[in-house]
Amino acid sequence: MLEVRTHTCGELRSDHEGQTVVVQGWAHAVRDRGGLAFLVLRDRHGMIQITIDERCSDAVRSLAKQIRLEYVVQARGVVSRRAEGAINEAMATGQIEIVAEELEILGRTEPLPFAIHEHGSDAKEDVRLKHRYLDLRRPALQHNLMVRHRASQAARRALDELGFVEIETPILTRATPEGARDYLVPSRVHPGQWYALPQSPQLFKQILMVAGMDRYFQICRCFRDEDLRVDRQPEFSQIDVELSFATQPLVRGIAEAVIRTIWRDVLGEEIAEIPILTYAEAISRYGVDAPDRRFGMELVDLTPVLADSAFVPIRRALDDQGIVKGFVVRSGAGDTSRRVLDAYTELVRSYGLGGLLWGKVSAEGVSGPLAKATDDTGRPALLAAAGAEPGDLLLVAAGADKPVHTGLGRLRVHVARERSLIGEGFAFCWVVDFPAFEHDEDAGRWFAMHHPFTSPKAEHLPLLTNGDLGEVYADAYDLVCNGLEIGGGSIRIHDPQVQQQVFSALGIEADEQREKFGFLLDALSHGAPPHGGLALGLDRLIMLLTGAPSIRDVIAFPKTTSAQDLMSEAPSPIPAAQLEELHVQNTRGSA
RNA sequence: GGGGUGGUAGUUAAGUUGGUUAUAACGCCGGCCUGUCACGCCGGAGGCCGCGGGUUCGAGUCCCGUCCAUCCCGCCA
């Protein structure tokens with residue numbers, strides 16, 4: 001018979017000796033020694049050993065023989081101190097055991113597709129995802145979900161204390177141009193019309209500011225139908241924040257307060273003051289806009305010292321207005337094989353570079369492709385500029401600005417990982433002063449780098465109508481930690497005329513502005529306070545807090561890289577009748 | 001859309017130059033075992049070698065295609 005448990009599996013200690021207790025859990029280990037058997041029960045809280053010996057009834061002893069791994073079992077018995085030699089120091093409850101008076105099997109299992117205990121080798125990801133309920137039983141994933149819970153609670157408490165109000169916004173919303181591909185939902189009532197799932201609650205939270213809510217937050221789900229990565233899922237969660245009368249330092253301070261509370265509550269760690277980098281500085285020193293600052297190996301500009309180089313790859317790059325940059329791998333000359341250098345070259349090629357100019361520095365000079373960059377007289381200046389010394393490996397790239405920065409920036413992280421140069425801990429930074437607009441050569445037009453509701457810096461507003469859009473900076477900011485973008489936001493446009501200017505700069509004509517963003521322009525025209533905010537990526541925060549290698553390890557029911565749920569088998573075909581009701585027709589094979 | 005890696009028993013892996021009956025560990029089934037703690041010992045069952053085609057006397061192995069998982073590029077305001 002099912003009883004109410006008196007304790008969880010993890011909480012019993014020697015203080016409980018002599019008490020009769022009831023525990024329930026999964027059979028984590030079954031060790032049948034014949035006349036004596038041990039059963040380890042596990043629940044979310046821990047494990048406890050149940051002992052079945054000559055003190056137990058025949059009924060209990062025969063029932064114990066039936067128990068298999070991962071059966072759900074209830075045990076009633078007396079907490080007893082273990083004999084001196086039988087104490088298990090590695091177990092939180094290892095001082096004691098429960099001598100079974102009654103056992104009951106509450107649930108049985110089919111043979112398991114993979115082992116739950118940590119010592120079982122990891123099954124492949126598709127097997128784990130298909131049986132997600134088993135994968136989630138593993139203590140590592142349970143821990144990740146607990147961290148997620150505590151982080152969410154900490155964020156809620158921090159924001160509540162700062163006067164923020166939690167408000168839900170719609171999941172069925174309007175599709176907007178720009179941005180990521182939308183997930184769409186057909187309307188039954190309005191034939192041929194569609195809802196979109198929100199890529200973020202951006203416009204709703206701005207309108208809540210116009211509505212006078214003053215300070216809003218929400219832990220909300222966002223949906224983007226784009227290809228996935230190790231840190232990207234089609235649906236993900238944000239701690240979404242917006243406030244009226246916001247200045248950039250005010251918003252950053254609030255975000256920091258949230259992050260500090262989370263780190264304190266979850267890890268018991270204090271976060272040091274968070275430095276601020278400009279976008280230009282981040283790109284120049286680290287090659288990427290989300291720098292990993294736990295290690296050095298910063299990029300150095302070698303364009304000036306190689307300005308006269310006749311070496312073809314460098315000459316060609318410089319003649320095409322390109323740049324030459326590099327970084328030093330300290331003492332890397334001796335232990336970096338040709339094979340490894342070829343892999344580095346392959347890596348930077350994937351970012352559009354023609355190749356990698358490496359050089360091994362010794363007292364005699366430089367060996368490798370980089371040797372041809374200068375003659376002997378120019379070499380000391382090159383090495384001095386790079387900061388390279390004998391024994392170092394110098395990795396250099398020449399080409400257009402973007403591939404050089406991206407290629408070297410990614411290579412820098414790759415090399416650091418490979419050589420274990422990345423320390424423990426968290427290196428936060430803010431990245432600010434982003435360009436507001438990016439020019440897309442293929443499309444032949446400008447796109448908003450952040451989003452079209454981001455306010456340009458006040459001093460750059462005149463450039464919107466009569467200047468170079470590439471010179472306009474956005475009043476935007478990203479929060480970065482350990483090379484991951486964990487949050488981003490901006491001061492928004494609250495003046496409808498400025499908003500229209502930005503739309504126009506993006507090539508959205510007046511009638512299209514009216515059609516697609518009329519409700520925003522209307523709202524901004526009815527007493528909109530200056531406002532701004534940001535969103536923190538909850539999933540990525542949890543990855544940092546838990547050290548999880550994949551975003552799938554911090555989401556209870558994640559999808560595969562092809563956006564399927566292998567457990568429920570979504571997406572799935574839909575019966576023709578249901579499609580018809582929605583006024584939708586398949587153009588490819590249907591159910 | 002492009003590139004890399006992987007797919008062999010329930011699971012994780014091994015499988016030589018293409019060669020005759022495809023191995024091992026864990027799990028599962030049966031038996032033994034009174035202080036185990038990833039218990040141990042003995043025995044047994046378990047295979048569409050991802051799928052489809054090709055080469056060959058012969059394919060887990062070679063070739064082509066395809067599917068799935070995963071990592072990356074593009075994409076992700």
Side-chain angles (χ1 to χ4, degrees), chain A residues 28-40 47-56 61 65 68-70 80 82-91 93-94 97 99 109-131 134 176-182 199-200 202 222-234 236 343 346-353 403 406-407 410 414 434-438 440 442 446-454 474 476 485 488 490 502 506 508 535 537 549-550 552 559-562 564 566:
Chain A
H28 189 74
V30 181
R31 295 185 281 268
D32 186 351
R33 304 281 279 101
L36 172 73
F38 302 98
L39 169 66
V40 177
M47 302 193 201
I48 180 73
Q49 177 166 283
I50 315 294
T51 301
I52 298 102
D53 61 14
E54 74 283 346
R55 289 169 285 184
C56 304
R61 297 176 72 158
K65 299 249 177 239
R68 299 288 174 271
L69 292 181
E70 298 304 312
S80 313
R82 293 197 196 181
E84 201 54 45
I87 286 170
N88 185 347
E89 299 289 354
M91 206 174 169
T93 61
E97 61 194 352
V99 179
T109 176
E110 296 289 312
L112 296 167
F114 55 89
I116 307 300
H117 60 77
E118 300 100 296
H119 304 284
S121 45
D122 263 356
K124 285 195 195 63
E125 190 107 18
D126 49 346
V127 181
R128 293 172 50 197
L129 287 171
K130 177 161 195 242
H131 303 276
L134 295 179
T176 52
E178 314 252 328
R181 206 174 284 116
D182 285 316
Q199 297 177 28
S200 84
Q202 184 60 34
C222 304
F223 306 85
R224 293 179 192 175
D225 186 3
E226 295 293 347
D227 287 339
L228 305 176
R229 289 288 186 279
V230 72
D231 59 351
R232 282 180 1 204
Q233 279 276 300
F236 60 97
E346 208 47 52
L347 181 81
V348 298
R349 280 210 175 114
S350 74
Y351 294 92
L353 281 174
T406 311
R410 301 300 177 113
H414 179 85
F434 287 84
F437 306 104
E438 282 178 301
D440 184 317
D442 297 336
W446 293 89
F447 284 87
M449 194 163 175
H450 193 59
H451 57 54
F453 320 109
T454 298
E485 182 197 324
S490 62
V502 167
L506 294 172
I508 305 172
S550 163
R552 293 182 297 277
K559 292 183 177 58
T560 66
T561 37
S562 64
Q564 286 182 283
L566 295 182

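Proteins come first, then strands; the chains are lettered A, B, ... in the order of their sequence lines, and each starts at number 1. Just so you know, these numbers come straight off a predicted model, no measurement behind them.
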Between NE2 of A:H117 and P of B:rU12 the distance, given in whole Å, is 14 Å

In whole angstroms, the gap separating P of B:rG6 from NZ of A:K124 amounts to 12 Å

Picking from B:rA13, B:rU36, B:rC71, the nucleotide nearest the side-chain atoms of A:R82 would be B:rU36

Base, sugar-phosphate, or nothing for A:D32, non-hydrogen atoms under 4.0 angstrom? base

Rounded to whole Å, the CE-P distance (A:M91 to B:rC37) equals 12 Å

Checking B:rG30, B:rA69, B:rU12 against the side chain of A:V127 (C-beta onward), the nearest is B:rU12

Query raised in the report: Do A:L69 and A:I116 touch side chain to side chain, with heavy atoms closer than 4.5 Å?
Result: no

Donor-acceptor pair, side chain of A:R55 and main chain of A:I52, under 3.5 angstrom
no

Fill in: Residues A:V40, A:M91; criterion side-chain contact (heavy atoms from CB on, under 4.5 Å); working and verdict
CA-CA 11 Å; A:V40 177; A:M91 206 174 169; 4.1 Å; yes

Q.
Between A:R552 and A:R128, is there a side-chain heavy-atom distance shorter than 4.5 Å?
A. no

Give me the distance, rounded to whole Å, that separates B:rU16 from B:rG54 when you measure between the P atoms they each carry.
25 Å

Review point. Looking at B:rC76, does its base get a donor-acceptor pair with the side chain of A:R232 below 3.5 Å?
Key: yes

Scanning all shown strands, the Watson-Crick or wobble mate of B:rC41 with both distances under 3.5 Å is B:rG31

Quick note, A:S550 side chain, CB onward, closest among B:rU8, B:rC71, B:rC76 is B:rC71

task: May I ask you to verify whether the side chain of A:E125 and the base of B:rU70 hold a donor-acceptor pair under 3.5 Å?
output: no

Discussion item. With heavy-atom distances below 4.5 Å as the criterion, would you say the side chains of A:V230 and A:P549 are in contact?
Written reply: no

Testing B:rA69, B:rG74, B:rU12 for proximity to the side chain of A:A123, the answer is B:rU12

Separation of B:rC33 atom P from A:R61 atom CZ, nearest Å, is 11 Å

- Just call it for A:E97: base, sugar-phosphate, or nothing, with non-hydrogen atoms closer than 4.0 Å on any strand. base

Closest to the 5' end of RNA chain B, once A:P113 and A:G34 are matched to their nearest nucleotides, is A:P113

Is a donor on one side and an acceptor on the other found under 3.5 Å between the side chain of A:E54 and the backbone of A:G35? no

Mind checking if A:F38 touches a base, just sugar-phosphate, or nothing, with heavy atoms under 4.0 Å?
base

Could you work out the separation of B:rU61 and B:rU20 based on their P atoms and round it to a whole Å? 14 Å

Atom CG of A:L39 and atom P of B:rG35 are separated, to the nearest Å, by 18 Å

- Could you measure between the two P atoms, the one in B:rC62 and the one in B:rG18, and give it in whole Å? 8 Å

Any donor-acceptor pair under 3.5 Å from A:T93 side chain to A:M47 backbone
yes

Taking a pair to mean Watson-Crick or G-U wobble geometry with both distances below 3.5 Å, B:rU55 pairs with none

Practice item. Ignoring backbone atoms, test whether A:R31 places a side-chain nitrogen or oxygen under 4.0 Å from the OP1 or OP2 oxygen of B:rC39. Key: yes

Picking from B:rU70, B:rC37, B:rA38, the nucleotide nearest the side-chain atoms of A:Q49 would be B:rC37

**Prompt:** Does the side chain of A:R82 come within less than 4.5 Å of A:N88's, by heavy atoms?
**Reply:** yes

Point to revise | hbond_proxy A:R229 side chain to B:rG74 base (donor-acceptor, 3.5 Å cutoff) | key: yes

Is there, by distance only and without an angle test, a donor paired with an acceptor across the side chain of A:R33 and the base of B:rC41 below 3.5 Å?
no

**Flag for A:E97-A:T51: side-chain donor and acceptor within less than 3.5 Å** = yes

Of B:rC71, B:rU70, B:rC68, the nucleotide closest to the side chain of A:V230 is B:rC71

- Identify whether any heavy atom of A:F453 sits under 4.0 Å from a base atom; if not, whether one sits that close to sugar-phosphate; answer base, sugar-phosphate or nothing. nothing

A:R349 side chain near B:rC73 phosphate (N/O to OP1/OP2, under 4.0 Å): no

Whole-Å P distance, B:rU5 and B:rC63 | 13 Å

The answer to which of A:R68 and A:L36 contacts RNA chain B further toward the 5' end, by nearest nucleotide, is A:R68

| message | When you measure from the side-chain N and O atoms of A:S350 to the phosphate of B:rC72, is any distance below 4.0 Å, counting only OP1 and OP2? | response | no

Quick note, A:R552 side chain, CB onward, closest among B:rC72, B:rU70, B:rU34 is B:rU70

Side-chain contact check for A:L129: nearest option of B:rU70, B:rG35, B:rC73 is B:rU70

Answer for the Watson-Crick or wobble partner of B:rA22, both distances under 3.5 Å, is none

For this session: Establish, with yes or no, whether the OP1 or OP2 oxygen of B:rA69 is under 4.0 angstrom from a side-chain nitrogen or oxygen of A:Q564.
Result: yes

Re B:rG6: Watson-Crick or G-U wobble partner, both distances kept under 3.5 Å, found to be B:rC68

- Query: When we call it a touch if two heavy atoms are under 4.0 Å apart, what does A:A83 touch: a base, just sugar-phosphate, or nothing?
  - Reply: nothing

A:H414 NE2 to B:rC72 C1', in whole Å, measures 12 Å

Task: Quiz item: A:D126 side-chain donor-acceptor pair to B:rG7 base, under 3.5 Å - done: no

Taken to the nearest whole Å, CG/A:D440 to C1'/B:rC75 is 12 Å

**Report entry** Span that lies between the C1' atom of B:rG60 and that of B:rG7, in whole angstrom
**Finding:** 12 Å

>> Under a 3.5 Å distance rule, please check whether A:R31 uses its side chain to pair with a backbone N or O of A:F38 as donor and acceptor.
In response: no

Determine the interatomic distance between P on B:rC39 and the same-named atom on B:rG1; round to the nearest Å. 47 Å

Open item on the list: Please report the distance separating the P of B:rG44 from the corresponding atom of B:rG50, rounded so that it comes out in whole Å.
Closed with: 28 Å

In whole angstroms, the gap separating P of B:rU34 from NZ of A:K65 amounts to 9 Å

Determine: side-chain N/O of A:T561 to OP1/OP2 of B:rA69, distance under 4.0 Å, yes or no.
no

- Message: Given the structure, check if the side chain of A:E70 and the base of B:rG27 hold any donor-acceptor pair shorter than 3.5 Å.
- Response: no

Ranking B:rA69, B:rC73, B:rU70 by distance to the side chain of A:S562, first place goes to B:rA69

- Task: Please state the C1' separation for the pair B:rG74 and B:rA38 - nearest whole angstrom.
- Result: 45 Å

